[in-house]
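One structure is given here, and the rest of the page talks about it.
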Amino acid sequence: MTDEILAELNPKQREAVETVDGPLLIVAGPGSGKTRVVTQRIAYLIRVCGVSPYRIAAVTFTNRAAREMRHRLTQLLGPNIRDLSAGTFHSFCAMVLRREGEAIGLDRSYAIYDNSDQIDLIKRSMKEVDVDPKSFAPRAVLSAISSAKSKLLDVAGFRLAGESYFDEIVLRVYERYEELLSQSSAADFDDLLLKAHFLFDKFPEIAKKYQDRYVHFMIDEFQDTNVVQYSVAKQLSQTHRNLCVVGDPDQSIYSWRNADIRNILSFQTDFPEAKVIVLEENYRSTQTILDAATSLIATNTQRVEKELWTQNGKGASIVVREGYNEEEEAQFVIRDIQRLNRGEGDDVTRRYSLGDVAVTYRVNAQSRALEEACLRYGIPYQVVGGLKFYHRQEVKDLAAYLRLVANPDDDVSLARVVNVPLRGIGQRTVDELTRLARDSETSMFAAIESLAQSKEKGTGVSGRFAQRSTQALIGFRDLIKGLANQAESMSEDTPVDLVGLIDLVLNRTGYKRHVMEESERGEERWENIQEFRNTAEDLVHLGVHDALTEFLERVSLVSDIDSLEEKPDAITLITLHQVKGLEFPVVFIVGMEEGILPHTRSMEDPAALEEERRLCYVGITRAKERLYLMRAFRRRVGFRGGSEPSTPSRYLTDIPSEFILTEREPPARTRATKWASSAPRIESAMAGVVTRRRASKPAAPEAATAAFSVGDKVRHATFGAGIVMSCKPSGTDFEATVAFKDHGAKRLLLSFAALEKVE
DNA sequence: GCGCTTTGATTTTTT
DNA sequence: ATCAAAGCGC
């Protein structure tokens, strides 16, 4: 068994796996088999050292990483690893707080507030302490509070630490914000960590329980942890001191989320006996890609030296390509992908499937041009994040109802849905209710409750509301109470489960009808609700109460990357941040321009510029075989429609030209017309570039001549059967809208999309 | 209280 | 350009 676990590990990796006593720091360069080492180390602990999985905690950066680790371990060791604690810091702390939170006054059914919930509550806090949102952006205030919390500063601590006038303002909001959170029985993202820390700090007997339990504690992506996370880890590994952290300073890209790279230094001071193992052999990328990455990152001054090497071959050159604008950049991406897919090109030795390809970018907005190009040319794709399923209005609304059922004191959720669908509870009434809650220092729901009671007795406060408003509020209270009672009684004889509860909520609240009656996007939104409902299905084995808690926690803590699936026949569109930890045979980075990468917001600050460079490094090192660095000559900046010339990213000049191949690029067929029509004024300035890239032969629209008629039944290589809805000339081409049986409507350019008429 | 029109602000990355 | 908040008439 030992052999099986240690097989195929290099000496360093092996040493990392076998070092099980005492603190350990593993510095793991990209592609150095880090995931494997972490997994094998756990397997080794369990199988060889006989440690019970129950005594091991492994903290990862995303739930997805945790799930994968669990999966691999199950394959290796079988199902008995169920007791292993594996998850993100946030989910780990959420679990602890769910169990122990009552010690620090946190209700068992506490709500978890995500970013947009936080913003809602910050806005309300600002209003209540008279801070003008026009003078102080709620986002900025929130980020100040979040940053404070990430450094272990609660309100009292912040009061002492604050320096500026802005800090004074923030303090006022912070105080109120905390009161509101507490009244709502809610914790925000930062609280999950912070409250866990305070819990362990103030209640040593609770801390001891966990300290004794976790004989081994591992943290992956340690360079992206913040001060609180590290503190919690230290607290928990106090008894056994078997803390193993794995990270790469060169891949630290979350300082804006208060991640503190100094944790790595602190670790070595806090655990002077710590062993340090550096993994430098790269198994992922070609020599060329690795050399490029190494040259790039060497430009950074703030760095721990590390020498990556590989036994892999030289491989293909890196392709740098410039499109005229964002659309053409996307078009070039698609065309390169199609070529790779067909196995064409000078040094292309195999056919790449679409699943082999990732297209990465700095900001989500860049996905749009790419998506449009994919639709036009019939390339199936999946976007990670961006649209954010859980952030859609209808999903958040339904979640808010469910949260209210679990915890009626949740003010943010109440304010969100109290008048959706319309119940005659307008702004005026909500304002008055907020005031009432504030005066009596309770949640809004409790305020309605006392309103109802004083109305029965004919006393006091109800006079502040119109008769109808009071009635409407009481109606809402009864609605939520009724649902909560149902949820409770369900757990008894369980004829109904969580899905049943969701249906009940949809019907009773009138939300179902509300959405379905909506003319514009009603159907789409209903489908989203269905999808949301489906995700509850794998929790039906639990009692309704537990299922609801688990479900809501999941909804709050999932990340977009968690739902990424490996689709062999679709390319992946993903941000540079989210792509960390993944690898693909072919990687495109688009927007290699000043202002995009590095982003404008980082250009003032040298430290931020180095982080942007690390981001670029992360992108490059995702590639196993082929790397494409794309840029647009002009890019639309913001919303005003006009595009502005851009400068190539400084990071391009960090890569020695010997690794780069700047191919002569035949013009896209739309190029000539596009330039003539959309940018006549710059034609002369661009003349040199035009000739340099001019193709010898104008691309002929091959299949485009055979236009389809509306109603034709067609077949597409990837989308399958469909019917032509419309077909019109588009430049030298034809653009058809086809309704596919299984993939919905797509717009396709006939010369690119292989459409075949059937019958 | 609701819905329509106008005005104003928005531009990073995300557990 | 797009979307949210604010203003205004019903």
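All values reported here derive from a predicted model rather than from experimental measurement. Naming convention: chains lettered A, B, ... in sequence-line order (proteins, then strands); numbering from 1 in each chain.
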For A/D260, the salt bridge (charged side-chain N to carboxylate O under 4.0 Å, His left out) test, sequence neighbours excluded, returns A/R262
Picking from B/dT15, C/dA5, B/dT13, the nucleotide nearest the side-chain atoms of A/K123 would be C/dA5
Item checked: Sugar-phosphate only, base, or nothing, as touched by A/S469 at under 4.0 Å among non-hydrogen atoms -> sugar-phosphate
Which part of the nucleic acid, if any, lies within contact of A/T429, taking any heavy atom under 4.0 Å across all strands shown: a base, the sugar-phosphate backbone alone, or nothing?
sugar-phosphate
Residues of residues 593-610 of chain A with a heavy atom under 4.0 Å from any atom of DNA chain B, listed by number, are A/H599, A/R601
Look for any protein N or O under 3.5 Å of an N or O in nucleotides 2-4 of chain B and output each such pair with its distance, or none.
unit_1, atom_1, unit_2, atom_2, d
B/dC2, OP1, A/G424, N, 3.2
B/dC2, OP2, A/N419, ND2, 3.0

Of A/D190, A/D191, A/D154, A/N226, the one forming a side-chain hydrogen bond (donor to acceptor under 3.5 Å, both in side chains) with A/K149 is A/D191
Requested in this report: Report yes if a side-chain nitrogen or oxygen of A/S556 is closer than 4.0 Å to either non-bridging phosphate oxygen (OP1 or OP2) of B/dT15; otherwise report no.
Outcome: no
Separation of B/dT15 atom P from A/L193 atom CG, nearest Å, is 13 Å
| Is A/E372 paired with A/R368 through a side-chain N to carboxylate O contact shorter than 4.0 Å? | yes
Among the nucleotides B/dT15, B/dG1, B/dT14, whichever has the atom closest to the side chain of A/Y254 is B/dT14
- Message: I'd like to know if A/R403 and A/D117 make a salt bridge, using a cut-off of under 4.0 Å between side-chain N and carboxylate O.
- Response: yes
Ignoring hydrogens and angles, are the base of B/dT15 and the side chain of A/N115 linked by a donor-acceptor pair under 3.5 Å?
yes
Separation of B/dT13 atom P from A/Q366 atom CD, nearest Å, is 10 Å
Taken to the nearest whole Å, CG/A/L433 to P/B/dG1 is 12 Å
Paired with A/R416, the side-chain hydrogen bond (donor to acceptor under 3.5 Å, both in side chains) test is passed by just one of A/D411, A/D397, A/D410, namely A/D397
**Asked** Is A/R477 close enough and on-axis enough to A/F445, meaning under 6.0 Å and within 45°, for cation-pi?
**Response** no
note: A/N63, atom CG; B/dT15, atom C1'; distance rounded to Å ~ 9 Å
Closest of B/dG1, B/dT13, B/dT15 to the A/N364 side chain is B/dT13
Between CG of A/D132 and C1' of C/dA5 the distance, given in whole Å, is 13 Å
A/E221 CD to B/dT14 P, in whole Å, measures 15 Å
Between CD1 of A/I253 and P of B/dT15 the distance, given in whole Å, is 11 Å
Rounded to whole Å, CZ of A/R368 lies from P of B/dT11 at a distance of 15 Å
Hits for ring pair (Phe, Tyr, Trp, His ring centres under 6.0 Å) against A/F200, two or more places apart or cross-chain, chain-then-number order -> A/Y210
The ring pair (Phe, Tyr, Trp, His ring centres under 6.0 Å) partners of A/Y230 (sequence neighbours excluded) come to A/F222
In plain terms, say whether A/K34 and A/D248 are close enough for a salt bridge, that is, a side-chain N and a carboxylate O under 4.0 Å apart. no
Exercise for the section: Kindly say if A/S91 contacts the phosphate of B/dT15, meaning a side-chain N or O under 4.0 Å from OP1 or OP2. Expected result: no
Comparing A/F61 with A/R468, nearest DNA chain B nucleotide closer to 5' gives the residue A/R468
Residues at least two apart in sequence or cross-chain that pass ring pair (Phe, Tyr, Trp, His ring centres under 6.0 Å) with A/F61, listed by chain then number, are A/Y254
